[in-house]
There are 2 protein chains.
Amino acid sequence: MAKPSKENSPITEHLAYLLAQANREINRQLELRLSKEGVPVEQWRILKVLSDGNGHSMGELADAVLLNHPTLTKMIDRMVSDTLVYRVQDPNDRRKVLMFISDRGKVLCKRLNSLAVDQEEHILESYGDKSTSELKRLLESLIDSSN
Amino acid sequence: MAKPSKENSPITEHLAYLLAQANREINRQLELRLSKEGVPVEQWRILKVLSDGNGHSMGELADAVLLNHPTLTKMIDRMVSDTLVYRVQDPNDRRKVLMFISDRGKVLCKRLNSLAVDQEEHILESYGDKSTSELKRLLESLIDSSN
DNA sequence: TTGAAAATATTGAATATTCAACAATTGAAG
DNA sequence: CTTCAATTGTTGAATATTCAATATTTTCAA
């Protein structure tokens, strides 16, 4: 009898693939809802992080919203044009720029939040309460163990 | 006492965000290993799907490797140039193109597989056997419930 | 059988992302 | 203090992705 070898396992059994697939699907759904406001998922993340009212540096933001620095810079440029956020030079370290959410940004963020909550509730319904919280727990722990 | 509202929950508690974060991290690690062979993750997926030796149409492939059709077409163009795969017109439906893996592709795929297995083993070590299989199970079930 | 609609893959233009180089500021060693 | 390395953010060119339009073939209803 042939020895089962991991190297022949179909791609659908790889953790990396399952994560990519699940991420793609859930992201697609979220994208669809946020498109009602014409806002990409990344901009919602940015608004959400900034909605604590504090200033966040570009580096900090890039980490938080999972974007590379140059990509973030260009997306922030657009959001500044749309007056959703604004830049302030950090007085304590003039290399840094602190990003703040505007009033208009706050209003938009609220609408986006409820679209996102809609989705989470839809997931809870079709996938179940228990599975969802267990999956979240496992994902957090995977992320932890990768640092 | 204020009612806890989902709309104020930090972004790090959203399933969509946790998936994106975990996916980004695991993908980054895999990318790093595959870069030893100078191959992007998507090309490995393509080779792996084709390595069953059967012909796969572009549409089928695009679904399997999580790429849009035009993106896949252009990536396949490159892989054809590198003689890793080749196109054959489907004799039963001439709208379709059947993709096949070449011998060179097979050889490369084997090397890539062992790099990927390295990673899976690294995850098993740091994250644990039990967590990994439980996470896979939950992800599969989430994907199922989204269709 | 014919003609319209659907399915499949590709193309080119418009967008977006990434990489490498740069500019400005700070930190820290000598 | 001065200088050199590290940090932070942006820019421009190179790449990659996406959207809409196209070409081809098949399907199916009339």
Side-chain angles (χ1 to χ4, degrees), chain A residues 20-21 23-25 27-32 34-35 38-46 49-50 54-82 84-100, chain B residues 20-21 23-25 27-32 34-35 38-46 49-50 54-82 84-100:
Chain A
Q21 196 181 2
N23 178 51
R24 187 179 161 91
E25 178 58 25
N27 202 57
R28 199 189 55 75
Q29 287 173 19
L30 181 56
E31 212 165 46
L32 192 66
L34 298 188
S35 71
V39 174
V41 175
E42 290 79 12
Q43 288 198 16
W44 171 59
R45 288 199 199 124
I46 292 171
V49 170
L50 295 186
N54 300 324
H56 294 260
S57 75
M58 292 296 281
E60 199 186 328
L61 247 191
D63 282 352
V65 305
L66 316 174
L67 287 177
N68 295 353
H69 289 218
T71 306
L72 178 63
T73 292
K74 285 155 191 174
M75 183 160 284
I76 288 287
D77 286 347
R78 266 166 275 166
M79 295 175 77
V80 169
S81 297
D82 297 341
L84 297 172
V85 300
Y86 56 94
R87 292 178 162 97
V88 174
Q89 170 136 250
D90 185 339
N92 297 119
D93 183 342
R94 290 187 332 204
R95 288 170 302 184
K96 292 187 185 173
V97 169
L98 296 181
M99 298 304 312
F100 289 90
Chain B
Q21 195 181 2
N23 179 52
R24 189 179 161 87
E25 179 58 27
N27 203 56
R28 198 189 56 73
Q29 288 174 18
L30 181 57
E31 213 164 44
L32 192 66
L34 298 187
S35 72
V39 174
V41 175
E42 292 79 11
Q43 289 198 14
W44 172 60
R45 288 199 199 125
I46 292 171
V49 170
L50 295 186
N54 300 325
H56 294 259
S57 76
M58 291 296 280
E60 198 187 330
L61 247 191
D63 282 353
V65 305
L66 315 175
L67 286 177
N68 295 353
H69 288 218
T71 305
L72 177 64
T73 291
K74 284 154 192 174
M75 184 159 284
I76 289 287
D77 286 347
R78 266 166 273 163
M79 295 175 76
V80 169
S81 297
D82 296 342
L84 297 172
V85 299
Y86 57 93
R87 291 178 163 99
V88 173
Q89 172 138 247
D90 185 338
N92 297 120
D93 184 341
R94 292 188 331 211
R95 288 170 304 182
K96 292 188 185 172
V97 169
L98 296 181
M99 299 304 313
F100 290 90

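So that the names make sense, note that chain A is the first sequence line, chain B the second, and so on, each numbered from 1.
Taking the charged nitrogens against the carboxylate oxygens, A:R28 and A:E25 do have a contact shorter than 4.0 Å, which makes a salt bridge.
Where A:E42 and A:D90 meet DNA chain C, the nucleotide closest to each residue was compared, and A:E42 sits on the side nearer the 5' end.
Taking 4.5 Å as the limit, every side-chain heavy atom of A:H69 sits out of range of all side-chain heavy atoms of A:M58. Between A:V88 and A:V97 there is no side-chain heavy-atom pair separated by less than 4.5 Å. Side-chain contact between B:R87 and B:I76 is present, with heavy atoms from C-beta onward closer than 4.5 Å.
Between the CD atom of B:Q89 and the P atom of D:dA23 there is a distance of 18 Å, given to the nearest Å. In this structure, CG of B:N92 is placed 10 Å from P of D:dT27, rounded to the nearest angstrom. Atom NZ of B:K74 and atom C1' of D:dT18 are 8 Å apart (whole Å). As a whole-Å value, the separation of A:L67 CG from C:dC19 P is 14 Å. Separating the CG atom of A:L72 from the P atom of C:dT18 is a distance of 12 Å, rounded to the nearest angstrom. Atom CG in B:L66 sits about 12 Å away from atom P in D:dT18, given to the nearest Å. D:dT10 atom C1' lies 15 Å from atom CZ of A:R78, rounded to whole Å. We find that CD of B:E31 is positioned 11 Å from C1' of C:dT18, with the value rounded to whole Å.
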How does each nucleotide of nucleotides 1-9 of chain C score, in 5' to 3' order, for protein heavy atoms under 4.0 Å: base (B), sugar-phosphate only (S), or none (-)?
-----BBSS
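Rounding to the nearest 0.5 Å places CD of A:E42 at 7.0 Å from CG of A:N27. One finds the CG atom of B:L67 at 12.5 Å from the NZ atom of B:K74 (value rounded to the nearest 0.5 Å).
Within the 4.0 Å cut-off from OP1 or OP2 of C:dT17, not a single side-chain nitrogen or oxygen of A:N68 is found.
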